[in-house]
Protein chains: 2
Amino acid sequence: MVTKQYKGTPEEAADLRRADSLAREIFGDIANKWALLIIEALGERTHRFSELRDDVEGVSHKMLTQNLRMLERNGLVDREVHPTVPPRVEYTLTEPGRALRATVDAMCDWTHRYLGDIEASRSRFDA
Amino acid sequence: MVTKQYKGTPEEAADLRRADSLAREIFGDIANKWALLIIEALGERTHRFSELRDDVEGVSHKMLTQNLRMLERNGLVDREVHPTVPPRVEYTLTEPGRALRATVDAMCDWTHRYLGDIEASRSRFDA
DNA sequence: CTGAATCCGCGGGGATACTG
DNA sequence: CAGTATCCCCGCGGATTCAG
């Protein structure tokens, strides 16, 4: 994915390997359907939990919570709990999260841009 | 993900719903770890099957074949079979594939850019 | 070398119920 | 309303084998 040739001390080499495996782990975290759709849905404004469940179509309660925790852990979303009754929890993209959203936007644009080509290719392939 | 408000005939509305569900399906296809890593690995030049297996670290024979089929079906990679013995099969990104790769590159860049922040956030969260 | 098929275990992920 | 926990099943995905 990223490993570059590098000449240095063994310590530096070890650091690079560590960073690389970490990068892989992170990539594996976010490169999944639900995480990306959640980031896309969050967009520019904060959302409540239930708003997200409505906006991210087809996501289950469990997957939503699970992915939100993961995104929070990685510092992509900020979780703000209002101690009211009933509780009100708001999720907002952090700066890293917004940066990633830009690339997710690009992926969505790509999907729509090539929708026709893909559909055609599928027909050809399935025949 | 994409649905825009739109006033038109019922037929046009139906078309939009169809396109939207197709877009979702495609997004679900490509928004997975292995597909994205394969696209990233393919880069600018063609790869043989075994080269890909070496370059995409950790991918199993099965997952590689499966995802390559899917990418081929969607017209993101071109599969060229040389009728030699032993067989030689080369995979190349198509134009749509290369366009998508640009966004995957952006995701990889993002990962490295925020590696430190993410690691820090994780430590905070896990505590 | 590439790829299809089979077997199989583990975990993703849905449904539901229960707390605060 | 938001979150956790439990149950449970289906399918992802790895290992292996066979074919071209």
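Just so it is clear, the values below take in all heavy atoms, side chains as well, and ignore hydrogens, waters and symmetry mates. The chains referred to below are lettered A, B, ... by the order of the sequence lines, with proteins before strands, and numbering in each begins at 1.
For F27(A) and H112(B), the gap between ring centers reaches or exceeds 6.0 Å.
Heavy-atom distances to DNA chain C give each of R69(B) and W34(A) a nearest nucleotide, and the one nearer the 5′ end belongs to R69(B). Residues V59(B) and F49(A) each lie close to DNA chain D; by heavy-atom proximity, the contact nearer the 5' end of the strand is made by F49(A). Positionally, the nearest nucleotide of DNA chain C for P86(B) lies more toward the 5' end than for the other of P87(A) and P86(B).
Within the 4.0 Å cut-off from OP1 or OP2 of dT2(C), at least one side-chain nitrogen or oxygen of R48(B) is found. Contact annotation: R53(B) does not reach the phosphate of dC1(C) (side-chain N/O to OP1 or OP2, under 4.0 Å). T65(B) has no side-chain polar atom (N or O) that falls below the 4.0 Å cut-off from OP1 or OP2 of dA4(C). A sub-4.0 Å separation between OP1 or OP2 of dG3(C) and a side-chain N or O of R79(B) is present. Residue Y91(B) places at least one side-chain N or O under 4.0 Å from the OP1 or OP2 atom of dG3(C).
Spacing between atom NZ of K62(B) and atom C1' of dT2(C) amounts to 17 Å, rounded to whole angstrom units. Put simply, CD on E72(A) is 13 Å from C1' on dA2(D), counting in whole angstrom units. Whole-Å rounding puts the Q66(A) CD to dT4(D) P distance at 11 Å. Taking atom CG on L37(A) and atom C1' on dG13(C), their separation rounds to 15 Å, with Å as the unit. In this structure, L52(A) places its CG atom 14 Å from C1' of dG3(D), rounding to the nearest Å. The nearest whole Å value for the distance from the CE atom in M63(A) to the C1' atom in dG12(C) is 6 Å. Put simply, CD1 on I38(A) is 11 Å from P on dG13(C), counting in whole angstrom units. Rounded to whole Å, the distance from CE on M70(B) to C1' on dA4(C) is 18 Å.
R88(B) comes within 4.0 angstrom of nothing in the nucleic acid, heavy atoms only.
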Go through it in stages, so that I can follow the logic: the residues are W110(B) and I26(A), the test is side chain to side chain contact (heavy atoms under 4.5 Å, CB included), and I'd like the CA-CA distance, side-chain angles, deciding distance and then a yes or no. CA-CA 10 Å; W110(B) 177 90; I26(A) 295 168; 4.2 Å; yes

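Ion pairing between a basic and an acidic side chain is recognised when a charged N comes within 4.0 Å of a carboxylate O; R122(B) and E119(B) show no such pairing.
More than 12 heavy atoms of other shown residues, nucleotides or ligands fall within 6.0 angstrom of atom CD in E95(A).
A donor and an acceptor atom sit less than 3.5 Å apart, one in the side chain of H61(B) and one in the base of dG3(C).
The side-chain heavy atoms of M63(B) and V56(B), taken from C-beta on, include no pair separated by under 4.5 Å.
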